[in-house]
2 protein chains.
Amino acid sequence: MLSKKTKYGLKALAYLASKENRQPVQIAEIAKHENISQKFLESILLSLRKTGLLSSKKGKGGGYYLIKEPSEVLMTDVMRILEGPIAMVPCVSLNFYEKCDDCPDEGACSVHKLMLQVRDSALEVYRNNTLEDLIR
Amino acid sequence: MLSKKTKYGLKALAYLASKENRQPVQIAEIAKHENISQKFLESILLSLRKTGLLSSKKGKGGGYYLIKEPSEVLMTDVMRILEGPIAMVPCVSLNFYEKCDDCPDEGACSVHKLMLQVRDSALEVYRNNTLEDLIR
DNA sequence: ATTTACCCTATAGATTTAGTAGATTTTTAA
DNA sequence: TTAAAAATCTACTAAATCTATAGGGTAAAT
């Protein structure tokens, strides 16, 4: 299941990308337009800023805005920031690899084999989509 | 993330499939061989029986066994039983569809569009794998 | 002074991952 | 025929973690 954090984060990014100019957009405006709890969105946008997808400006006329062009923002990066590993088990994760403690031999593991395929297929989708692709 | 329930269920099914004959295999044997908490596995196997993937026999010489040949068991069915919907959001689910309450227009939703692609790619993997594919 | 993002904390509820205790059914053996 | 043993089945409980959100105050820009 996709967490609401990810869902809201994606919607917020798409909303920012849909704006012609790169003027800051206030949290309240995004929250209202996308039907998101404003306080929750606040923390999501913060994490997007800290990981380098967004920048912000305080005070009047402030808000959040995209750093890069939408066409430069890969969904692999967005998903990893919002949702975490793309792999469904740590033992097939490229960026968050961990050995299973119950599994003596990864090469012989049926789950490993299946989840490798699932990871690769998901990865291909995310690699072929940028933020720009989402808004048309 | 794949739940441990699903992971253990897959391993148990693969173990049963790897047995040449279709004699019942006891919970304890599966649990030991796959490093799974026996009591937890018990409830997982029960749900697999109730959904028609396994059958069981009580008493001495009893245990669980596959109803169908491993090559006849599609991973789409297994995953839906163990993990639930394959889609990451209900609004793109084939078997568990639900409308998002925050989303006025599915057709215009960026999340919807992306998650459709992810669902289709995962579905293709699961459709092209049977239990037999997992054990070689 | 006003407006906005930023930061910290708490929390209710759900889900996950088990553990405990016993009931039920089947087979085997006395 | 009866009793014991072997296995699944059922129900209840509980700890731990995660999720989604709210509240209240701080810092910075205008």
Side-chain angles (χ1 to χ4, degrees), chain A residues 1-12 16 23-32 34-67 82-85 88-90 96 98 100-102, chain B residues 1-12 16 23-32 34-67 81-85 88-90 96 98 100-102 111:
Chain A
M1 265 304 178
L2 205 68
S3 67
K4 290 203 171 181
K5 177 187 174 187
T6 302
K7 187 182 178 186
Y8 293 163
L10 287 173
K11 284 192 170 191
L16 289 176
Q23 295 305 306
V25 181
Q26 297 159 26
I27 297 174
E29 179 183 336
I30 306 174
K32 193 179 175 189
E34 300 293 338
N35 293 306
I36 303 172
S37 144
Q38 176 164 344
K39 215 60 180 141
F40 191 24
L41 180 59
E42 206 175 302
S43 68
I44 297 169
L45 293 175
L46 206 57
S47 80
L48 289 171
R49 183 183 66 85
K50 287 184 174 169
T51 49
L53 285 184
L54 296 179
S55 192
S56 66
K57 196 175 168 233
K58 289 183 181 177
K60 186 159 193 175
Y64 282 93
Y65 54 95
L66 286 170
I67 289 180
L82 288 171
E83 187 75 3
M88 295 185 79
V89 278
F96 303 84
E98 258 180 71
C100 298
D101 42 355
D102 60 304
Chain B
M1 266 302 178
L2 204 68
S3 68
K4 290 204 172 182
K5 177 188 174 185
T6 302
K7 187 182 179 187
Y8 293 163
L10 287 173
K11 285 192 169 192
L16 290 176
Q23 296 304 307
V25 180
Q26 296 159 28
I27 297 174
E29 179 183 335
I30 306 173
K32 192 178 174 191
E34 300 294 337
N35 292 307
I36 304 172
S37 144
Q38 176 164 341
K39 216 46 188 162
F40 191 25
L41 180 60
E42 213 173 300
S43 68
I44 296 169
L45 293 176
L46 209 56
S47 80
L48 289 172
R49 182 182 67 82
K50 287 183 175 168
T51 48
L53 284 184
L54 296 179
S55 192
S56 66
K57 194 172 169 240
K58 287 187 181 178
K60 186 157 191 177
Y64 283 92
Y65 54 95
L66 286 170
I67 288 180
I81 288 169
L82 287 171
E83 188 75 3
M88 294 185 79
V89 278
F96 303 83
E98 260 179 70
C100 297
D101 44 354
D102 60 304
V111 177

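Each chain gets a letter, A, B and so on, in the order its sequence line appears, and its residues count up from 1.
- For the residue pair B:Tyr65/B:Ser55, the side-chain donor-acceptor check at 3.5 Å is satisfied.
- Residue contacts shown for B:Ile27 are limited to sugar-phosphate atoms, with no base heavy atom under 4.0 Å away.
- As rounded to whole Å, 16 Å separates atom P of D:dA7 from atom OH of B:Tyr65.
- Contact detail for B:Leu54 and B:Ile67: the closest heavy-atom pair is O-CD1, 3.5 Å.
- Spacing between atom CD of B:Glu29 and atom C1' of D:dA6 amounts to 15 Å, rounded to whole angstrom units.
- Look at CD on A:Gln26: it is 16 Å from P on D:dA29, rounded to the nearest Å.
- Phosphate proximity of C:dT25 to B:Lys60: absent, as no side-chain N or O sits under 4.0 Å from OP1 or OP2.
- By the ring pair (Phe, Tyr, Trp, His ring centres under 6.0 Å) test, B:Tyr8 pairs with B:Phe40, sequence neighbours left out.
- Within residues 46-54 of chain B, no residue has any heavy atom under 4.0 Å from DNA chain C.
- Judged by closest nucleotide on DNA chain C, A:Gly59 is the one of A:Ser56 and A:Gly59 placed further toward the 5' end.
- The closest side-chain heavy-atom distance from B:Ile30 to B:Leu45 is below 4.5 Å.
- Rounded to a whole Å, the CG atom of A:Leu41 is 12 Å from the C1' atom of C:dA5.
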Where do N or O atoms of nucleotides 13-15 of chain C meet protein N or O atoms at under 3.5 Å, pair by pair?
none

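- In this structure, B:Tyr64 places its OH atom 7 Å from P of D:dT8, rounding to the nearest Å.
- Every residue meeting the side-chain hydrogen bond (donor to acceptor under 3.5 Å, both in side chains) condition with B:Thr6, not counting sequence neighbours, appears here in chain and number order: B:Ser3, B:Glu83.
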Fill in the blank from the handout: Under a 4.0 Å heavy-atom criterion, the protein footprint on nucleotides 19-27 of chain D, written with B, S and -, is -SBBBB---

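- Applying the salt bridge (Lys or Arg N to Asp or Glu O under 4.0 Å) test to residues at least two apart or on different chains, the pairs with a partner in residues 38-56 of chain A are A:Lys39-A:Glu42.
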